[in-house]
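Single-structure report; data block below.
Given the structure is predicted, the values throughout are model-derived calculations rather than measurements.
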Amino acid sequence: MTTDKADVIAANEAFYRAFENKDLEAMGKVWSQGTSITCIHPGRKAIAGWQNVRNSWQRILAGSSYLKIEAETISIEVEEDLAYVVLVEKVLQIVGGRRFEAQSLATNIFRKMAQQWYLVHHHGSPLR
């Protein structure tokens with residue numbers, strides 16, 4: 001395994017750890033802070049720019065009293081300064097005392113900047 005591939009895997013794992021731990025600060029270390037980044041939560045419209053993406057995660061994390069996420073990787077591709085990870089997310093979430101379980105097919109795109117891999121796009125599509 002190449003160093004870049006290992007670093008992308010580590011960045012992807014850091015994203016899901018931050019998500020599961022409801023750690024917005026850690027989430028901010030994984031995401032690029034740029035205006036061109038995008039995020040599409042399952043069943044929702046695209047959100048662009050770090051501030052908007054951050055606000056969307058803040059609402060999701062604040063509204064959840066418990067999160068458990070299992071991510072099953074389907075493929076990882078690394079090409080120069082771009083990489084993508086395709087995976088199935090299994091999310092258990094408790095909101096307002098109610099339990100929700102969902103599965104999504106997700107794509108995470110990373111860009112290497114200043115020798116570090118940053119998330120620049122997350123797209124989750126619900127699986128039924």
Side-chain angles (χ1 to χ4, degrees):
M1 180 182 316
T2 67
T3 301
D4 278 336
K5 189 170 185 178
D7 290 346
V8 168
I9 290 168
N12 195 64
E13 289 173 353
F15 167 66
Y16 284 102
R17 259 193 323 275
F19 187 2
E20 188 173 73
N21 292 330
K22 302 186 321 170
D23 187 341
L24 195 58
E25 184 177 331
M27 183 83 67
K29 292 178 182 174
V30 174
W31 278 90
S32 166
Q33 307 292 299
T35 57
S36 64
I37 68 165
T38 52
C39 182
I40 304 170
H41 297 294
R44 302 208 182 129
K45 294 182 179 182
I47 302 164
W50 169 241
Q51 196 57 48
N52 294 327
V53 170
R54 182 190 181 284
N55 291 343
S56 75
W57 284 110
Q58 184 175 31
R59 285 188 301 276
I60 290 168
L61 301 178
S64 302
S65 58
Y66 177 81
L67 280 167
K68 175 70 178 164
I69 301 160
E70 294 178 24
E72 178 186 332
T73 301
I74 296 170
S75 67
I76 300 170
E77 294 295 328
V78 179
E79 188 70 35
E80 296 181 19
D81 67 343
L82 278 178
Y84 66 86
V85 182
V86 178
L87 48 111
V88 174
E89 302 171 336
K90 297 177 184 174
V91 179
L92 168 62
Q93 185 177 22
I94 298 178
V95 178
R98 295 182 59 204
R99 177 187 173 110
F100 297 92
E101 291 185 54
Q103 286 190 21
S104 297
L105 183 60
T107 302
N108 295 327
I109 300 175
F110 294 86
R111 179 177 295 277
K112 190 173 187 179
M113 297 177 275
Q115 303 305 308
Q116 185 168 337
W117 291 95
Y118 291 96
L119 189 58
V120 294
H121 177 77
H122 169 76
H123 182 174
S125 295
L127 291 174
R128 305 205 192 262

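- Note: the hydrophobic cluster containing Ile47 also contains Leu61 (ILVMFWY, side chain heavy atoms under 4.5 Å, direct or indirect links).
- With rounding to the nearest 0.5 angstrom, the CG atom of Asn12 is 5.0 Å from the CG atom of Asn108.
- Between the OH atom of Tyr84 and the CD atom of Glu77 there is a distance of 4.0 Å, given to the nearest 0.5 Å.
- Taken to the nearest 0.5 Å, the CD atom of Gln51 stands 10.5 Å off from the OG atom of Ser56.
- The aromatic rings of His122 and Tyr16 stand perpendicular to each other, their planes meeting at an angle above 60°, with 30° marking the opposite boundary.
- Under the 4.5 Å side-chain heavy-atom criterion for Ile, Leu, Val, Met, Phe, Trp and Tyr, Phe110 and Leu82 are members of the same hydrophobic cluster.
- Contact between Leu105 and Ile74 at its shortest, heavy atoms only, is CD1-CD1, 3.7 Å.
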Intermediate values then yes/no, side-chain contact (heavy atoms from CB on, under 4.5 Å), Leu92 and Tyr66:
CA-CA 8 Å; Leu92 168 62; Tyr66 177 81; 3.8 Å; yes
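- Summarising the geometry, atom CE belonging to Met113 is positioned 6.5 Å from atom OH belonging to Tyr118; distances are rounded to the nearest 0.5 Å.
- The closest donor-acceptor contact from the side chain of Ser65 to the backbone of Ile94 lies under 3.5 Å.
- Note that CG of Leu24 is 11.5 Å distant from NZ of Lys29, once rounded to the nearest 0.5 Å.
- One N or O on the side chain of Glu20 and one on the backbone of Ile69 form a donor-acceptor pair closer than 3.5 Å.
- In terms of heavy atoms, Ser32 sits closest to Ile37 at O-CD1, 3.5 Å.
- When all heavy atoms are compared, the tightest approach of Cys39 to Trp31 is CB-CH2, 3.9 Å.
- Taking 4.5 Å as the limit, every side-chain heavy atom of Ile109 sits out of range of all side-chain heavy atoms of Thr38.
- Taking the six-membered ring for Trp and the full ring otherwise, Trp117 and Phe15 have centroids separated by 6.0 Å or more.
- Between Arg99 and Glu101 there is a salt bridge, since a side-chain N of the basic residue sits under 4.0 Å from a carboxylate O of the acidic one.
- Hydrophobic cluster membership differs between Ile60 and Phe100, with clusters built from Ile, Leu, Val, Met, Phe, Trp and Tyr side chains linked at under 4.5 angstrom.
- Residues Val78 and Lys112 form no side-chain contact, since every pair of their non-hydrogen atoms from C-beta on lies 4.5 Å or further apart.
- Val30 and Ile9 fall within the same hydrophobic cluster, defined by Ile, Leu, Val, Met, Phe, Trp and Tyr side-chain heavy atoms under 4.5 Å apart, directly or through other members.
- Nearest heavy-atom pair across Trp50 and Gln33 is NE1-OE1, 2.7 Å.
- Contact record, Ser64 with Lys22: O-NZ, 2.7 Å, taken as the closest heavy-atom pair.
- Taking each heavy atom of Val95 and Gly63 in turn, the nearest pair found is CG1-O, 3.3 Å.
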May I have the step-by-step check of side-chain contact (heavy atoms from CB on, under 4.5 Å) for Ile40 and His121, ending in yes or no?
CA-CA 8 Å; Ile40 304 170; His121 177 77; 4.1 Å; yes
